[in-house]
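The block underneath contains the structure these notes are about, expressed in structure tokens.
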Amino acid sequence: MVKLSPLARRRFARFKKNRRGWWSLWLFIGLFLMTLGGELIANDKPLVVSYQGQWYFPVFKRHTEQEFGGQLPFQADYRSDYVQKLIKKDGGWLLFPPIPFSDDTPNYDLNKPAPSPPSSVNWLGTDDQARDVLARVIFGARVSILFALMLTFVSALIGIAAGALQGYYGGWVDLLGQRLLEVWSGLPVLYLLIILSGFVEPSFWWLLGIMALFSWLALVDVVRAEFLRGRNLEYVKAARALGLTDRKVIVRHILPNAMNATLSYLPFILTGAISTLTALDFLGFGMPAGSASLGELIGQGKQNLQAPWLGLTAFFTLALILSLLVFIGEALRDAFDPRS
């Protein structure tokens, strides 16, 4: 069990006292866990199949039609009447998840042309390719949150390291670092992405790498200011006088104090990463075509004004996720405020 220092316990108590931020944290964790287990909630494969006294779990393992008495050596289409009759012929049964559609599964039994309105089968309707909107929201939100978390982690590592070196050593290191930041931050990120997308097919890792080259700039100034202040404090001078190396002084004595401002800034980097990925998907320079994403759903809402459920679903999903992250960031900022 992790033992917290008295200062950490006071900060945790202040964070917990902020009821809006505290419940937003738990709600965000719940939503994130739900998206991580999206295949157990929305899938065109059953969770469990009982056939001739044996148990099958198609969500986790691929089974061919021949295993259920069919003719084809390919993966069984569990939503077809033929396969279901084969399984149920000898008293077998199937248990589908609450949403019997994956993010790329079209509904061929629509009563109205796609995009169709919400119904008892498709709770939030379908998009212009007859795919279930709720399933695409779940998988699209998972991609957005995972992308934002990874981008924030990489940006924090690079930004904290760059800001620590500039603030601790100062002088020419700080001067050259600031000039480099001015040049680097002046590069048009969106234009670079548009140009590079003409040479390389965008993907999750490609976008993550390109965005990580620029998103770390947001933390450098915060960490640099803390190190410029902290390197002149008495206990830091005493640590140097005792012969501690620069690495130990940075990691043990200055970095913990610099992390206070950094941690309260991370949720806002998360919101920026989600917004950026959504904007790129909306413009067509984000995830590969056909991938489930919130930006692609917004684009479909723009192209199908007669189907307002598309745009409204994407809007409320983004509003919920971004609002939760902002509330968490405000609570962290108040918890780490030295004036509290």
Does Thr35 use its side chain to pair, donor to acceptor, with the backbone of Phe32 at less than 3.5 Å? yes

What is the ring orientation for His253 with Tyr235, classed by angle as parallel under 30°, tilted 30 to 60°, or perpendicular over 60°? tilted

When you compare the side chain of Phe15 with that of Asp334, does any pair of heavy atoms fall below 4.5 Å? no

Under the 3.5 angstrom rule, does the side chain of Ser185 hit a backbone N or O of Leu181 as a donor-acceptor pair? yes

Test your reading of the model: is there a side-chain donor-acceptor pair from Asn18 to the backbone of Gly21, 3.5 Å cut-off? yes

Side chains of Leu277 and Asp281 in contact at under 4.5 Å (non-hydrogen atoms): yes

For Lys17 and Arg19, run side-chain contact (heavy atoms from CB on, under 4.5 Å): C-alpha distance rounded to whole Å, both residues' side-chain angles, the deciding distance at 0.1 Å, then the answer. CA-CA 6 Å; Lys17 189 177 180 180; Arg19 308 307 296 175; 6.0 Å; no

Mind telling me whether Trp26 and Trp22 have parallel, tilted or perpendicular rings, with 30° and 60° as the class edges? perpendicular

One should read off an interatomic distance between Leu270 CG and Thr152 OG1, to the nearest 0.5 angstrom, of 3.5 Å

How far apart are the C-alpha atoms of Trp55 and Val48, what are their side-chain angles, what is the distance that settles it, and do they pass the side-chain contact (heavy atoms from CB on, under 4.5 Å) test? CA-CA 7 Å; Trp55 297 81; Val48 182; 3.4 Å; yes

One thing to verify: whether Glu39 and Lys45 come together as a salt bridge, which I'm taking to mean a side-chain N less than 4.0 angstrom from a carboxylate O. no

Without swapping roles, check the side chain of Gln84 against the backbone of Tyr78 for a donor-acceptor pair under 3.5 Å. yes

Could you report the tightest heavy-atom contact between Val143 and Phe204, atom names first, then the distance? O-CE1, 3.9 Å

Has Ser116 got a side-chain atom pairing as donor or acceptor with Pro113's backbone, closer than 3.5 angstrom? no

Tell me whether Trp216 is reachable from Leu207 by hopping between hydrophobic residues (I, L, V, M, F, W, Y) whose side-chain heavy atoms are closer than 4.5 Å. yes

Check whether Trp184 reaches the backbone of Leu213 with its side chain - one donor and one acceptor, N or O, closer than 3.5 Å. yes

Between the side chain of Arg179 and the main-chain N/O of Asp174, is any donor-acceptor distance below 3.5 Å? no

For Phe153, look at atom CZ and say whether over 12 heavy atoms of other residues, nucleotides or ligands are found less than 6.0 Å away. no

Do Leu151 and Ser215 have side chains that approach each other closer than 4.5 Å (heavy atoms only, starting at C-beta)? yes

Quick one: does Thr105's side chain have a donor or acceptor within less than 3.5 Å of a partner on Ser102's backbone? yes

Do Ile328 and Leu266 land in one hydrophobic cluster if side-chain heavy atoms of ILVMFWY residues count as linked below 4.5 Å? yes

Taking atom CG as the centre, does Asn111 end up with more than 12 heavy-atom neighbours from other residues, nucleotides or ligands that are less than 6.0 angstrom away? no

If hydrophobic clusters are built from ILVMFWY residues whose side chains come within less than 4.5 Å, do Leu176 and Leu180 share one? no

What I'd like to find out is whether the side chain of Pro115 reaches to under 4.5 Å of the side chain of Gln306, using heavy atoms alone. yes

With the side chain counted from C-beta on, respond yes when Thr245 and Arg240 share a heavy-atom pair under 4.5 Å apart, and no when they do not. no

Within the side chain of Arg231, is there an N or O that forms a donor-acceptor pair under 3.5 Å with the backbone of Tyr168? yes

State, yes or no, whether a side-chain contact exists between Leu47 and Phe96 at a heavy-atom distance under 4.5 Å. no

Are Lys302 and Glu296 ion-paired here, with the side-chain N under 4.0 Å from a carboxylate O? no

Can you tell me how far apart CG (Leu297) and CG (Leu318) are? Round to the nearest 0.5 Å. 9.0 Å

When rounded to the nearest 0.5 Å, the distance separating CZ of Arg14 from CZ of Arg9 is 13.0 Å

Identify which one of Asn122, Ile41, Asp44 satisfies the side-chain contact (heavy atoms from CB on, under 4.5 Å) criterion when paired with Ile99. Ile41

State whether the number of non-hydrogen atoms from other residues, nucleotides or ligands found under 6.0 Å of Arg247 atom CZ is greater than 12. no

Between Arg131 and Asp103, is there a side-chain N and carboxylate O pair less than 4.0 Å apart? no

What's the verdict on side chain to side chain donor-acceptor pair (under 3.5 Å) for Gln66 and Gln71, showing C-alpha distance, side-chain angles and the deciding distance? CA-CA 6 Å; Gln66 291 178 340; Gln71 301 295 324; over 6 Å; no

Looking at Arg136 and Asp127, is any side-chain nitrogen of the basic one under 4.0 Å from a carboxylate oxygen of the acidic one? yes

Once you round to the nearest 0.5 Å, how far does CD1 of Ile160 lie from CG of Leu255? 6.5 Å

If you take all heavy atoms of Thr64 and Pro73, which pair is closest and at what distance? CG2-O, 3.5 Å

One should read off an interatomic distance between Arg79 CZ and Asp77 CG, to the nearest 0.5 angstrom, of 7.5 Å

Quick check: do Lys237 and Leu233 have side-chain heavy atoms less than 4.5 Å from each other? no

Aromatic contact between Phe68 and Tyr56, with the criterion being ring centroids under 6.0 Å apart: yes or no? yes

When clusters are formed by joining ILVMFWY residues with side-chain heavy atoms under 4.5 Å apart, either directly or through shared neighbours, do Val83 and Phe57 land in the same one? no

If we ignore hydrogens and angles and just use 3.5 Å, is the side chain of Glu65 paired with the main-chain N or O of Gln75 as donor and acceptor? no

Using the side-chain contact (heavy atoms from CB on, under 4.5 Å) rule, take Leu219 and Tyr265 through it: C-alpha gap first, then chi angles, then the decisive distance, then the call. CA-CA 8 Å; Leu219 285 175; Tyr265 201 80; 3.7 Å; yes

So which atom in Asn43 and which in Pro97 form the shortest heavy-atom distance, rounded to 0.1 Å? O-CG, 3.5 Å

Heavy atoms of Val223 and Gly163 approach each other most closely as CG1-C, 3.8 Å

Ile254 and Glu226, any side-chain heavy atoms less than 4.5 Å apart: no

How many angstroms lie between atom CD1 of Ile321 and atom CD1 of Ile274, to the nearest 0.5 angstrom? 5.5 Å

If you apply the rule side-chain contact (heavy atoms from CB on, under 4.5 Å), what do you find for Val154 with Met211, and how did you get there? CA-CA 10 Å; Val154 174; Met211 294 301 300; over 6 Å; no

Kindly give the heavy-atom pair with the smallest separation between Pro118 and Trp123, and that separation in Å. CB-O, 3.2 Å

Check Pro98 against Leu40 and note the closest heavy-atom contact, atom names and distance. CD-O, 3.9 Å

Is there a continuous path of hydrophobic side-chain contacts, each under 4.5 Å between heavy atoms, that joins Phe315 to Leu305? no

